[in-house]
Amino acid sequence: MHNIKLIALDLDGTLLDSDKNLSYENSAALEKAAEQGIEIVPATGRFYLGMPEIIRKLPYVRYVISINGAQVYDVVNGRTVCGSEIPWERAVSVMERFDGIDVIYDCYQDGWGRITQRFYDTADRYAANIHSLEMIKNLRTPVPELKEYLKQQAHGVQKVQAFFKDMELRSEMLGKLPAEFPDLVVTTSIVNNIEVNSREATKGNALKKLAEHLGIPISQTMAFGDDLNDITMLKAAGIGVAMGNADAEVKRAAEFITDDCNNSGVANAVKHFLWEND
């Protein structure tokens, strides 16, 4: 039995199944872990209010790693434990780079999404699936032009995100952008997006800071993920677990590979590491 004090969990493709549901098995395993005093921490590319209600209503969730680590949020006190933002001028530069290619883009600022109106109106052409489209439509406020809006606001941005129709173009940009913006972190969380955060805003850094805040040795943490934005967290944790449906690079970064998200892989790995020998 491992002495785990904190479990950090990506949501889409990890804790939630392909239909964005929380299985009974996953729910029961996390509830049992919480009853044993283990901190259960959602770790997502979404902002807090963009998380599914079923996750926000879990009674044992006190802390959330949101926006790929740009914010660690204390749910009970309604305050930010720590955070890291992109200077608005740099965010505008990223958007100007995206203006030259066939994408739509948005940003997160102050815990909410904003998007240029014409991108909002054409989001159905760029969303990967109905769930992605619903998130864009429900969790973004359209503005006449996003870059101009940011210039008027003149304060930091938590994340810039682009959605692609052409997957070859996405792969090309995943290769180019880190060199073009070495001061930022370029990653992905769904099949057709690219996400850009502050250099300090990674799930791995956020996990370390939260563990320190709680007085928990990083060796006593466990993390689950499936996509590129989870790699830093899996490497930082005492035990890094990749889902069976994870990207190959994520699996290489993990200590253990569990079942896929549609077969309660989270519950199976929690049982394996925490209670297998009970």
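Side chains are part of it too, since the values below use all heavy atoms of this structure and drop only hydrogens, waters and symmetry mates.
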Donor-acceptor under 3.5 Å ([X] side chain, [Y] main chain):
X: Lys251; Y: Gly244; result: yes
X: Thr116; Y: Arg118; result: no
X: Ser171; Y: Met167; result: yes
X: Asn245; Y: Asp260; result: no

Testing the 3.5 Å rule here: is there a donor-acceptor pair between the side chains of [X] and [Y]?
X: Asp110; Y: His155; value: yes
X: Ser23; Y: Ser264; value: yes
X: Gln152; Y: Trp88; value: no
X: Ser189; Y: Asp227; value: no
X: Asp226; Y: Thr14; value: yes

### Task
State the CG-CG distance between Asn197 and Asn205, to the nearest 0.5 angstrom.
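Output value for this atom pair is 11.0 Å.
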
### Query
Roughly how far apart are Ile104 CD1 and Leu146 CG, rounded to 0.5 Å?
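Atom-to-atom, Ile104:CD1 and Leu146:CG are 11.5 Å apart.
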
### Query
Looking at residues at least two apart in the chain, or sitting in another chain, which of them share a ring pair (Phe, Tyr, Trp, His ring centres under 6.0 Å) with Phe163?
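With sequence neighbours excluded, Phe163 shows a ring pair (Phe, Tyr, Trp, His ring centres under 6.0 Å) to no residue whatsoever.
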
### Message
Checking Phe119 now: which residues fulfil ring pair (Phe, Tyr, Trp, His ring centres under 6.0 Å) with it, not counting sequence neighbours?
### Response
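So Phe119 forms a ring pair (Phe, Tyr, Trp, His ring centres under 6.0 Å) with Tyr105.
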
Going by an N to O cut-off under 4.0 Å, is there a salt bridge joining [X] and [Y]?
X: Asp124; Y: Lys137; result: no
X: Lys147; Y: Glu96; result: no
X: Arg114; Y: Asp106; result: no
X: Lys208; Y: Glu212; result: no
X: Lys57; Y: Glu53; result: yes

### Query
Step by step, would you call Asn77 with Arg62 a side chain to side chain contact (heavy atoms under 4.5 Å, CB included)?
CA-CA 9 Å; Asn77 292 329; Arg62 169 74 186 267; 3.2 Å; yes

### Task
Under the side chain to side chain contact (heavy atoms under 4.5 Å, CB included) rule, what do Ile115 and Ile136 come out as? Steps first, then yes or no, please.
CA-CA 9 Å; Ile115 186 171; Ile136 295 171; 4.2 Å; yes

### Query
Could you go step by step and tell me if Cys82 and Gln71 meet the side chain to side chain contact (heavy atoms under 4.5 Å, CB included) rule?
CA-CA 6 Å; Cys82 60; Gln71 182 184 46; over 6 Å; no

### Message
Would Ile194 and Val186 count as a side chain to side chain contact (heavy atoms under 4.5 Å, CB included) here? Give the steps.
### Response
CA-CA 7 Å; Ile194 285 181; Val186 178; 3.8 Å; yes

### Query
Around Lys209, counting heavy atoms of other residues, nucleotides and ligands shown, do more than 12 lie under 6.0 Å from its NZ?
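More than 12 within 6.0 Å, yes.
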
### Query
Above 12 or not: heavy atoms from other molecules or residues under 6.0 Å from CZ of Arg56?
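Yes, because the 6.0 Å sphere around CZ of Arg56 holds more than 12 heavy atoms from other groups.
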
### Task
Could you label the plane-to-plane angle of the Trp112 and Phe47 rings as parallel, tilted or perpendicular, counting under 30° as parallel and over 60° as perpendicular?
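The arrangement is tilted - the two ring planes meet at 30° to 60°.
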
### Query
Which other residues belong to the hydrophobic cluster containing Ile130, where Ile, Leu, Val, Met, Phe, Trp and Tyr are joined when side-chain heavy atoms lie under 4.5 Å apart, directly or via other members?
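Members besides Ile130, by chain and number: Leu133.
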
### Query
Can you tell which of Glu195, Gln161, Arg46 makes a side chain to side chain donor-acceptor pair (under 3.5 Å) with Asn68?
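For Asn68, the side chain to side chain donor-acceptor pair (under 3.5 Å) check succeeds only for Glu195.
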
#### Entry: Shortest non-hydrogen contact between Leu139 and Leu49, atoms and distance
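Looking at all heavy atoms of both residues, the shortest contact is CD2-O, 4.2 Å.
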
